[in-house]
Protein chains: 2
Amino acid sequence: MKTPDNAPTECRQVQSVLDTVGRRWSGAILVAASRGARRFVDFRRTVPGISDRMLSVRLKELETLGLLRREVIPSTPVQILYEPTALGRELLHVLQPLFRWGEKHLDEVSAATP
Amino acid sequence: MKTPDNAPTECRQVQSVLDTVGRRWSGAILVAASRGARRFVDFRRTVPGISDRMLSVRLKELETLGLLRREVIPSTPVQILYEPTALGRELLHVLQPLFRWGEKHLDEVSAATP
DNA sequence: CGGGATCCGAAAGGATACTG
DNA sequence: CAGTATCCTTTCGGATCCCG
């Protein structure tokens with residue numbers, strides 16, 4: 001069958017999106033933020049199994065991507081807060097259907113993975 | 001801030017979903033299938049930049065996950081057709097919002113990626 | 001608390017060549 | 001056409017230690 005001429009463009013786009021938000025831990029971190037995680041320790045507790053290093057790396061990435069905003073509170077000791085930007089919240093919103101699909105079907109697909 | 005007790009579970013789930021469908025090329029291949037690609041050459045043409053090897057690997061993965069069905073047509077030469085399963089179509093459906101988000105915002109985030 | 005620096009093994013994935 | 005096989009580089013990410 002012949003695919004439409006714009007199909008390659010669509011493929012590029014989905015790939016770009018998934019290459020950025022589909023990396024390991026990124027989605028989980030965003031979800032954690034949407035559920036109220038704000039400080040480094042919050043994320044560490046909320047995202048199961050993540051290491052300090054990867055959390056640090058991913059937080060910086062998501063900040064660079066404009067999905068999280070990093071805020072420094074000049075208290076003693078200093079507090080760092082992360083919260084979703086408008087763009088991040090929008091992304092979280094469109095990710096919701098994907099998560100619900102996972103809840104429903106993750107057992108089916110993971111049963112097929114060995 | 002305190003996150004809900006089920007937040008870690010949610011994080012696990014989103015991570016599992018993204019770990020399976022978020023791998024390189026997987027999303028693009030699914031989209032190609034949704035746009036009419038059926039045969040190996042179709043996918044090769046429709047997914048820009050993919051190699052034969054990765055296409056082969058991913059097709060097999062997606063088949064194992066139950067997202068694509070592989071059908072052998074005993075003609076000469078033999079034809080192999082891939083098409084989305086019901087599960088695959090459902091996944092594609094929930095991926096749509098994500099793609100549209102990418103269309104709208106990919107320039108913003110990629111501008112921040114250097 | 002909120003990370004950064006370094007090291008290192010594992011895994012992913014690209015290039016190329018080959019096949020029935 | 002529809003892949004495999006092999007090789008080889010790059011990247012990922014875990015462990016550990018350290019810092020202000």
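Every chain is numbered from 1, with letters handed out A, B, ... down the list of sequences.
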Side chain proximity check, B/R44 to B/D52, heavy atoms < 4.5 angstrom: yes
State, with a plain yes or no, whether a side-chain heavy atom of B/L95 is found less than 4.5 Å away from one of B/V31. no
Expressed in angstrom and rounded to an integer, what is the separation of [X] atom [atom1] from [N] atom [atom2]?
| X | N | atom1 | atom2 | answer |
| --- | --- | --- | --- | --- |
| A/W25 | D/dT11 | CH2 | P | 22 Å |
| A/I73 | C/dG2 | CD1 | C1' | 14 Å |
| A/L68 | C/dG3 | CG | P | 12 Å |
| B/L55 | D/dC1 | CG | C1' | 12 Å |
| B/E71 | D/dA2 | CD | P | 13 Å |
| B/M54 | C/dA15 | CE | C1' | 13 Å |
| B/I80 | C/dG20 | CD1 | P | 16 Å |
| B/D52 | D/dT6 | CG | P | 17 Å |

Nearest-nucleotide pick for [X], side chain only, options being [options]:
| X | options | value |
| --- | --- | --- |
| B/R44 | D/dA2, D/dG14, C/dC1 | D/dA2 |
| B/V41 | C/dG3, D/dC1, C/dA12 | D/dC1 |
| A/K60 | D/dC1, C/dG4, D/dT4 | C/dG4 |
| B/R23 | D/dG3, C/dA12, D/dC12 | C/dA12 |

Could you tell me whether B/Y82 contacts a base, only the sugar-phosphate backbone, or nothing, with contacts defined as non-hydrogen atoms closer than 4.0 Å? sugar-phosphate
Assigning hydrophobic clusters by single linkage (Ile, Leu, Val, Met, Phe, Trp, Tyr; side-chain heavy-atom cutoff under 4.5 Å), is A/L81 placed with A/L59? no
Think A/S56 has a side-chain N or O under 4.0 angstrom from the OP1 or OP2 of C/dG4? yes
Please determine if a side-chain N or O atom of A/R70 lies less than 4.0 Å away from the OP1 or OP2 oxygen of C/dG3. yes
Side chain A/D19, main chain A/S16, donor-acceptor under 3.5 Å: no
What about B/R24: does its side chain form a donor-acceptor pair under 3.5 Å with the base of C/dG13? no
Examine the base of C/dG4 for any acceptor or donor lying under 3.5 Å from a partner atom in the side chain of A/R53, and report the outcome as yes or no. no
Short N-O contact, B/E63 and B/R69, less than 4.0 angstrom: no
Note: for A/V57 and A/P77 on DNA chain C, the residue whose nearest nucleotide lies more 5' is A/P77
